[in-house]
Every structure is written in C-alpha cells, then in structure tokens.
There are 2 protein chains.
Amino acid sequence: MATEARRPGRPATLEDVARVAGVSRATASRVINGSPTVDAALRRKVEEAITATSYAPNRAARSLVTRRTDSVALVVSEREQRQLATPFIGRMFTDPHFGRVVSGLLQVLRPAGMQTVLMVADDEASRRQVLTYLRQGHVDGVVLISSDPNDPLPRMLSETALPTVLAGRPGRSAALPYVEVDQRAGAQLAAERLVAQGRRLIGTVAGPQDMPAAQERLEGFRGALAALGVTGLPWAEGDFTRAGGAAAMRRLLADHPGLDGVFVASDLMALGVVPVLLRAGRRVPEDVGVVGFDDSEAAEASEPALTTVRQPVEDMACEMARLLLRQIREPGAAPPSVVFRPTLVVRESS
Amino acid sequence: MATEARRPGRPATLEDVARVAGVSRATASRVINGSPTVDAALRRKVEEAITATSYAPNRAARSLVTRRTDSVALVVSEREQRQLATPFIGRMFTDPHFGRVVSGLLQVLRPAGMQTVLMVADDEASRRQVLTYLRQGHVDGVVLISSDPNDPLPRMLSETALPTVLAGRPGRSAALPYVEVDQRAGAQLAAERLVAQGRRLIGTVAGPQDMPAAQERLEGFRGALAALGVTGLPWAEGDFTRAGGAAAMRRLLADHPGLDGVFVASDLMALGVVPVLLRAGRRVPEDVGVVGFDDSEAAEASEPALTTVRQPVEDMACEMARLLLRQIREPGAAPPSVVFRPTLVVRESS
DNA sequence: CACCGACGAGAGAGCGCTCTCTCCGGCTCG
DNA sequence: CGAGCCGGAGAGAGCGCTCTCTCGTCGGTG
C-alpha cells in the first residue's frame with residue numbers, strides 16, 4: 001500500500017502494480033491476462049498489489065497493441081425522418097421489439113466481456129459518420145438492425161470486412177450472415193389455425209410490400225391457404241403501425257364484409273385491426289378470427305388477447321451475438337445464417 | 001496514392017498520411033485536429049493524403065494520450081430479476097419511455113461526436129463490472145437511469161468523480177446533478193382538471209410508494225385537491241404496470257363505488273384502469289374522468305384516448321446530455337439539476 | 001546592417017499496455 | 001559429468017497518436 005498513488009489523481013498503471021508487487025511489468029501483465037506460466041507466489045503478490053492500488057487496466061492502451069477493443073456496435077439503421085417537426089432520432093428505440101433484441105444481445109455479449117456501442121444511421125451524413133467510426137477500429141464487430149430494404153449500409157459494411165451480423169435478411173443481397181424467423185412457416189401456422197377453425201372467407205392485413213419479410217408473410221399465407229384448399233385471398237397493405245392496420249382493415253372490410261378470419265402481419269397492426277372489427281359489429285373470435293404475428297407485448301395487451309405467431313426474438317438476438325463472437329474469434333470464417341422456426345401462441349382471438 | 005497500403009491489410013496511420021503528403025507527423029496531426037497554425041498549401045496536401053490513404057485516426061491511440069474517449073456510458077440500473085425463468089436483461093429496454101430518453105440523448109450526443117456505450121447493472125456482479133469498466137477511463141461521462149430508489153450505484157458513481165447525470169432524483173441523496181419533471185406540479189394539473197369538470201369523489205391509483213417520484217405524485221395530488229377544497233383522497237397502490245393498475249383500480253372501485261374521477265400515476269397503469277371502469281359499467285369520461293401521467297404512446301392508444309400530464313421526456317434527455325457535456329468540458333464544475341414543468345394534454349378521458 | 005520576435009514546421013518523448021526475445025537456473029539424459 | 005531442455009521471469013521494442021520543445025526563417029525595427 002506504501003507506494004500507491006505515485007502520481008496525484010491518476011489511476012494506477014501496470015507499472016505501479018509491478019513496483020508494488022516487486023515484479024516486472026511483464027509478469028504483472030501475465031497475471032492479469034491469466035497466463036499459466038507464473039509462479040503461484042508471485043501471482044498472489046501481484047493480485048494483492050492490484051487490489052492495493054485498485055488497478056484497472058487501461059483499455060485504450062491495451063487495444064492499441066492488441067487491436068481488439070472488446071466492444072461491438074449495435075447499429076440501428078432507419079429511413080430518414082425528414083417530415084417530422086421535432087427531430088426524432090431512433091424511432092426504433094421506442095419499439096419494444098428493439099428492446100427485446102437488445103436484451104438478447106446483452107445476454108450473450110455481457111458474459112463475454114463485450115461492451116455495446118449504440119449508433120443510429122438515418123441519413124447520408126450519419127451513415128458516413130457511423131462507417132467512419134467503425135472503420136477506425138473502435139469495435140470488433142457490428143450488429144446491424146435495418147428496417148429499410150433499400151438500406152445501402154449492409155453492402156457498405158460487407159465491404160469493410162468487419163465481422164457483422166444482420167437482424168433479418170438484407171434487402172439487397174449482401175453476403176453477410178443474418179438471423180431471421182421463417183416467415184413462410186409462420187404464415188402457414190396462421191393459415192392452419194384459421195382453417196382448422198372452419199373459417200373459409202379469410203383475408204390478410206399485410207405489411208409494406210417493399211419489405212421482404214412482409215412479402216414472404218403474404219406469399220406464405222397465400223400459399224398455405226391454397227394448400228388447404230382456400231383460394232382467392234383478399235388483402236390490404238398496412239405500414240406496420242396500429243393506425244395503418246386499422247385503416248387497412250377498414251378497406252378490407254368494406255370490400256369483403258363477409259370475412260370470418262384475418263391474418264395480420266404484425267401484432268401492432270392487429271391492435272388496430274381488432275377495434276375496427278368490433279366497431280363494425282363483429283365479435284372476435286366468434287364472427288372473425290384474428291391471428292397476429294410477432295408475439296409482442298401488444299398481443300397480450302389486446303382485448304381479446306391475440307392468438308399470434310411467435311418469433312423467438314430474444315433467442316434470435318442471442319444467436320446473432322453468438323454468430324458475431326464466432327466471427328470475431330475466428331476471422332475469415334463467415335458463419336452461416338440461421339433461420340428460426342416460429343410457433344403459434346393460441347390465446348383468445350382465434 | 002503511390003505509397004498507400006504500405007503494410008498489407010492494415011489501415012493507414014498518421015505516419016502514412018505524413019509520408020504521402022511529404023510533411024511531418026506533427027503537421028499532419030495539426031491538420032486533423034484543426035490547428036490554425038498550418039500553411040494553407042500544406043493543409044491541402046495533407047487533406048489530399050488523407051483521402052488518398054482513406055485514413056481514419058485510431059481512437060485508442062488518441063485517447064491513450066489525450067485521456068479523452070469521446071464516448072459516454074448509458075447505464076441502466078434495475079432491480080434484480082431473479083424470479084424470472086428466462087434471464088431477461090434490461091427489462092427497461094422494452095419500455096418506450098426508455099426509447100424516448102435514448103432518442104433525446106442521441107440528439108445532443110451525436111452532433112457532439114460522442115458515442116454511447118450501453119450498459120446494464122442488475123445485480124451485485126454486474127454493478128461491479130460496470131463500475132470497473134467506467135473506472136478504466138473508457139468513457140468521459142455517465143448517464144444513469146435508475147428505477148430503483150435504493151440503488152447504490154448513484155452513490156458509487158459520485159465517488160468516482162466521473163462526470164455523471166441522473167435521470168430522476170436519486171433515492172438516497174447522492175450529490176449528482178439530475179433532470180426531472182416537477183411531479184407535484186404535474187399532479188396539480190391533474191387535480192385542477194378533474195375538479196374543474198365538477199368531479200368531487202376523486203381517487204388515485206398511485207405508483208410504488210418506495211419510489212420518490214410516485215410518492216410526490218400522490219402527495220402533490222392530495223395537496224392540490226385539498227387546496228381546491230376536496231379532502232379525503234382514496235387511493236390504491238399500483239406497480240407501474242398495466243396489470244397492477246387494473247388490480248389497484250378494482251380495489252379502489254370496490255371500496256369507493258361512487259368515484260367520479262381518477263388520477264393514475266402513469267399512462268401504462270391507466271391502460272389497465274380504464275377497462276376495469278368500463279367493465280364495471282362506468283362510462284369514461286361521462287361517469288368517471290381519468291387523468292394519466294407521462295403522455296406516453298399508451299395515452300393515445302387508449303380507448304378513450306387519455307387526458308394526461310405530459311413529461312417532456314425527449315427535452316429532458318437532451319438537457320441531461322447537455323449537462324453531461326458541460327461537466328466533461330469544464331471538469332470540477334458540477335452543474336445544477338434541472339426540473340422541467342409538466343403540461344396537461346387534454347384528450348378524451350377527462 | 002545586426003538583432004529580435006513571431007510564426008510555422010519538425011524532432012522526439014512519451015501515454016499504458018502486450019508480446020517477443022532473451023536470459024537464468026534447475027532438471028533430465030546420454 | 002557435461003550438453004541440452006524447459007519453465008519462469010525480465011528487458012525492451014513498439015502500437016498510433018498528441019504535444020512540448022526546439023529550430024529555422026522571415027519581416028520589422030533601432
């Protein structure tokens with residue numbers, strides 16, 4: 001304890017630890033990095049010196065030489081929100097889905113000693129800023145969440161050779177591993193449920209058809225219905241918002257008042273769909289069955305509670321983190337993408 | 001372009017830039033850091049060399065010498081979630097409120113060139129991990145969001161002398177600047193609204209009374225009612241969840257069936273309160289007026305839409321970021337805390 | 001014409017760490 | 001008994017950057 005705080009106000013360095021322990025800097029470093037070739041007695045002395053000086057390694061110095069940073073970037077890429085009066089960065093942050101992804105990521109990254117840097121790219125300038133930052137080598141890898149199918153970021157990232165994992169398949173094909181749920185299989189679950197309940201006049205409120213995931217849910221649903229002998233699928237497009245879902249349902253109902261089943265491509269939209277049905281005098285599920293997608297918080301909050309296709313979001317996020325760590329640890333080996341199987345969660349609405 | 005990529009696969013260094021530009025490393029550094037004492041011609045040559053080599057400064061090296069990192073930590077501190085079967089890190093992430101805070105923070109931090117590192121402290125071990133990380137000097141400052149009034153983290157942080165800003169007043173008094181909304185003033189707005197509508201049998205669904213904010217909303221509401229001549233406030237405690245709000249409302253209604261007004265200490269709880277009232281045969285707002293708190297997404301989603309006390313969350317988060325930046329730029333000068341005025345947003349429920 | 005101040009640019013010393021290389025001493029084995 | 005080997009520890013060279021110090025040059029002044 002004697003030689004602590006040699007320099008006023010500055011945290012202890014490895015040099016300090018070594019001096020206090022009476023060993024060389026190299027040995028102190030060995031102890032800290034868990035090298036096995038250190039005598040037990042010396043190891044103890046160094047460990048004591050570490051607590052005595054309350055030493056914490058300087059990550060900048062370490063990363064300067066190791067070229068690792070033990071941190072990854074979580075990049076949220078979204079369409080520019082020019083039209084908004086108040087600048088609102090990171091619309092996606094208020095989406096509980098995003099929170100579940102973060103939670104899953106941290107579940108894996110935290111035990112691995114990896115820190116997470118949060119970044120948003122929502123226009124040309126910020127994209128460049130993000131890319132520059134990433135290229136500075138301040139992170140070992142990138143998790144990219146992109147809601148925009150025309151997002152140039154995946155391609156740009158694939159050119160940096162930085163380990164990267166995408167949430168969802170990239171719109172334009174960038175050769176990057178991604179993690180996704182099997183959209184078609186999910187749509188099939190929904191179709192089977194509705195048909196099994198004897199419903200035959202089935203429609204769907206689809207998501208934006210420029211998004212691959214939304215396309216596949218629609219296509220998958222149509223295909224599954226056809227396989228079950230139900231053809232001619234009326235549908236309307238929503239924008240994955242509650243209000244958009246409500247509007248789409250109104251259109252659908254106006255054209256097809258006889259509907260007895262609806263597959264809604266997201267729970268959030270379903271939250272808009274159900275009240276429209278109720279107000280139109282339909283009982284749910286008695287008159288019209290509703291099946292959502294996601295199994296988000298909204299599904300349980302809905303009245304009646306939503307029967308929905310569950311995406312194992314947290315598990316998927318964990319898998320993303322694992323794929324990323326693997327890339328970081330074994331450079332060059334781009335791991336395969338992983339597609340998760342959805343499940344059907346039966347509640348009240350169908 | 002001739003001398004680019006001297007070392008295979010490695011990004012260009014300042015040395016490379018200097019060589020290409022035909023100047024010393026010092027001069028190249030001056031250009032990059034915007035020093036005014038550089039000849040215009042040389043400056044141009046250096047800038048050309050930078051683009052030619054596609055140079056990006058190594059932040060680790062820079063921060064090693066400057067002792068700045070140009071990044072801050074966003075620490076989310078929450079009560080341990082032992083009881084959960086699935087480990088769920090960062091329950092708070094799924095709260096849209098959190099997203100709004102992040103959005104506000106980034107609005108200020110991003111233009112300031114500050115990166116944001118996301119961290120969660122939810123038990124003793126993770127708290128230590130976070131604290132160690134912060135002490136390693138890997139961030140210049142900390143934004144702490146804590147939902148637990150007994151959280152030891154604020155005190156621990158105030159001992160590190162690291163610039164810090166809290167979201168909300170710390171439970172135990174830690175001498176750290178915070179940003180908050182004036183809870184009492186908000187409760188007063190709610191009281192005035194309900195009373196102005198001629199309601200006299202007013203109750204409240206309060207938040208957990210071990211949380212200062214929840215206490216103040218209750219106290220402030222009681223005080224404001226008294227000032228308006230309404231005494232004897234029936235109340236029940238909820239846990240700031242929808243289900244908790246519903247349960248509290250049921251208790252309240254059982255004991256006081258004649259209620260004609262309810263102040264609910266959060267919009268999320270109000271989302272549980274309203275259906276309870278409706279199912280008990282009360283019309284909202286005709287029979288019972290409901291005023292929420294937060295002006296969250298939930299308020300607009302509610303049916304009927306909630307009249308609520310608005311917290312300017314994004315503005316508050318911006319202010320937090322500003323306070324933090326000020327502390328970072330002027331070390332030693334702990335800025336004062338800032339208390340925001342809430343406003344009343346009138347919708348349908350009251 | 002000699003001197004001085006100002007200004008622009010370079011040299012070089014670190015920042016704190018890791019990691020290779022070297023060295024030393026004790027052991028085994030021919 | 002000497003050569004070789006190996007485990008364990010130290011010396012020291014950087015990693016890429018900033019920043020102080022120094023130096024050279026030029027214009028102005030007595």
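- Out of dC15(D), dC17(C), dC15(C), the shortest distance to the side chain of V65(B) is found at dC15(C).
- With rounding to whole Å, R43(A) atom CZ is found 10 Å from dG8(D) atom P.
- Side-chain nitrogen and oxygen atoms of T13(B) include none within less than 4.0 Å of the OP1 or OP2 phosphate oxygen of dG16(D).
- The residue among V38(B) and A26(A) whose nearest nucleotide of DNA chain C is located toward the 5' end is V38(B).
- The CG-P distance, from N58(B) to dC17(C), rounds to 16 Å in whole Å.
- Comparing atom distances between the D39(B) side chain and each of dA9(D), dC17(C), dG8(C) picks out dG8(C) as nearest.
- Checked for salt-bridge contact, E330(A) and R326(A) miss the test: no charged N lies under 4.0 Å from a carboxylate O.
- OP1 or OP2 of dT18(D) lies within a sub-4.0 Å distance of a side-chain N or O belonging to N33(B).
- As rounded to whole Å, 15 Å separates atom P of dC17(C) from atom CG of D70(A).
- Using a 4.0 Å heavy-atom cutoff across all strands shown, R30(A) reaches at least one base atom of the nucleic acid.
- Atoms CG (D16(A)) and P (dC15(C)) sit 11 Å apart, rounded to a whole Å.
- When rounded to the nearest whole Å, the span between CG of L64(B) and C1' of dG16(C) equals 5 Å.
- Aromatic ring orientation, H138(B) versus H138(A): parallel (interplanar angle below 30°, classes split at 30° and 60°).
- Salt bridge annotation for E47(B)-R44(B): absent, with no cationic side-chain nitrogen under 4.0 angstrom from a carboxylate oxygen.
- Rounded to whole Å, the distance from CG on L14(B) to P on dG12(C) is 17 Å.
- Two residues are said to be in side-chain contact when any heavy atoms from C-beta on lie closer than 4.5 Å; L323(A) and V338(A) meet this criterion.
- Dashed line: the shortest gap from a side-chain N or O of T27(B) to OP1 or OP2 of dG10(C) is under 4.0 Å.
- For the pair S29(B) and dT18(D), the criterion of a side-chain N or O lying under 4.0 Å from OP1 or OP2 is met.
- Look at R110(A) and D122(B) and you find a salt bridge, because one of the NZ, NE, NH1 or NH2 atoms lies within 4.0 Å of a carboxylate O, short of that distance.
- Relative to the side chain of S24(B), the nucleotides dG10(C), dA13(D), dT18(D) differ in distance, and dG10(C) lies closest.
- Remark: P of dA9(D) and CZ of R25(A) are 17 Å apart, rounded to the nearest angstrom.
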